[in-house]
Participant: 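The structure follows.
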Amino acid sequence: MASSDALSIRPATTRDLDALARIESEHLSGTWTRDALADELGKSFARIRVATAGESVCAFVHGWLVADELHVLNVATHGEWRRRGVARALLEAFFVEARGSGSVKALLEVRASNGPAIALYRSFGFIDDAVRTRYYSNGEDALLMSVTW
Ligand SMILES: CC(C)(COP(=O)(O)OP(=O)(O)OC[C@H]1O[C@@H](n2cnc3c(N)ncnc32)[C@H](O)[C@@H]1OP(=O)(O)O)[C@@H](O)C(=O)NCCC(=O)NCCS
């Protein structure tokens, strides 16, 4: 990352919705539409954080704080920003913030074939809890992972 592209991490706002919806449709399942993401911004338990460089939204993470657990719903980095430490920086900040809000555990589910995401989560100490066989509509298994802090 060039020094002129210093990364910032902040809560998402309505002005980010187009960028979030684009990343969601291009790099995730597309389940979270722009309207659904807009609804999330108004929920007290939902958190969406964005990593930006200048005016660009490079990545976002979306989760729910439920009691003392953080449920990580999605994380994605826009293609040109991949492998530059963006998701790592974003998740690090997200987890620090969640722990500061009383979370003692984080949970997620990920496609069993998603090597990059699984490697990322393992680097934060996530372990495999269970496999949901043929969980996704294409018949793929889901891996359930968690980390306790
Ligand atoms: C998974 C994803 C978010 C990683 O984003 P990123 O910004 O490129 O990740 P980082 O550069 O911060 O990488 C952090 C670590 O993740 C792992 N990782 C990331 N991309 C990887 C890849 N292509 N292959 C293997 N490991 C990878 C590595 O452990 C890496 O650490 P390293 O660079 O020191 O080896 C990105 O590939 C993505 O958006 N994928 C599509 C969306 C998705 O599948 N999200 C997860 C849904 S559960």
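Whatever order the structure lists them in is the order used to number ligands and atoms, beginning at 1. Just so you know, residue 1 is the first one in the sequence shown, and it goes up from there.
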Participant: Could you tell me whether some N/O pair between Arg83 and ligand 1 is separated by less than 3.5 angstrom?
Facilitator: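 Yes, at least one N or O pair falls under 3.5 Å.
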Participant: If you count the atoms of ligand 1 from 1 in the order shown, which ones are under 4.0 Å from a heavy atom of His27?
Facilitator: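 Ligand 1 atoms under the 4.0 Å threshold to His27: 41 (C), 42 (C).
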Participant: May I ask you to list the atoms of ligand 1 that are less than 4.0 angstrom from any heavy atom of Ala119?
Facilitator: 17 (C), 26 (N), 29 (O)
Participant: Check Ala117 against ligand 1 and report side chain, backbone, both or neither, counting heavy atoms closer than 4.0 Å.
Facilitator: both
Participant: Mark whether atom 2 (C) of ligand 1 lies under 4.0 angstrom from at least one protein heavy atom.
Facilitator: no
Participant: Does Glu24 use its side chain to pair, donor to acceptor, with the backbone of Trp32 at less than 3.5 Å?
Facilitator: yes
Participant: For ligand 1, which atoms sit closer than 4.0 Å to a heavy atom of Gly85?
Facilitator: 10 (P), 11 (O), 12 (O)
Participant: Any nitrogen or oxygen of Val110, side chain or backbone, less than 3.5 Å from one on ligand 1?
Facilitator: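 No; every N/O pair is 3.5 Å or more apart.
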Participant: Trp81 to ligand 1: N or O pair under 3.5 Å?
Facilitator: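 In fact, backbone or side chain, Trp81 has no N or O that close.
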Participant: Answer side chain, backbone, both or neither: which part of Tyr121 comes under 4.0 Å from ligand 1, heavy atoms only.
Facilitator: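 Near ligand 1, Tyr121 shows its side chain, while the N, CA, C and O stay back.
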Participant: Under 4.0 Å from a heavy atom of Arg84: which atoms of ligand 1 are those, numbered in the order shown and with their elements?
Facilitator: 11 (O)
Participant: Answer yes or no: does an N/O atom from Ala76 fall short of 3.5 Å to an N/O atom of ligand 1?
Facilitator: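 No.
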Participant: Less than 4.0 Å is my threshold; does some heavy atom of Phe124 fall inside it relative to ligand 1?
Facilitator: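 False for this residue.
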Participant: Applying a 4.0 Å heavy-atom criterion (strictly less than), which segment of Leu108 is in contact with ligand 1: side chain, backbone, both, or neither?
Facilitator: neither
Participant: Judged by atom type as modelled, is there a donor-acceptor pair below 3.5 Å linking the side chain of Ser56 to the main-chain atoms of Cys58?
Facilitator: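 No; judged by distance alone, with no hydrogens or angles, the pair does not exist.
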Participant: Should one rank Leu143, Leu90, Thr77 by closest heavy-atom distance to atom 6 (P) of ligand 1, which comes out on top?
Facilitator: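 The option holding the nearest heavy atom is Thr77.
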Participant: Looking at ligand 1, does any of its N/O atoms fall within less than 3.5 Å of an N/O of Asn114?
Facilitator: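 Among all N and O atoms of Asn114, at least one is under 3.5 Å from an N or O of ligand 1.
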Participant: Within the structure, does Arg82 bring an N/O atom to less than 3.5 angstrom of an N/O atom in ligand 1?
Facilitator: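 The answer is yes, given that Arg82 and ligand 1 share an N or O pair closer than 3.5 Å.
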Participant: Would you mind listing which atoms of ligand 1 come within a distance below 4.0 Å of any non-hydrogen atom of Ala87?
Facilitator: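 The list of qualifying atoms is 3 (C), 4 (C), 5 (O), 6 (P), 7 (O), 9 (O), 12 (O).
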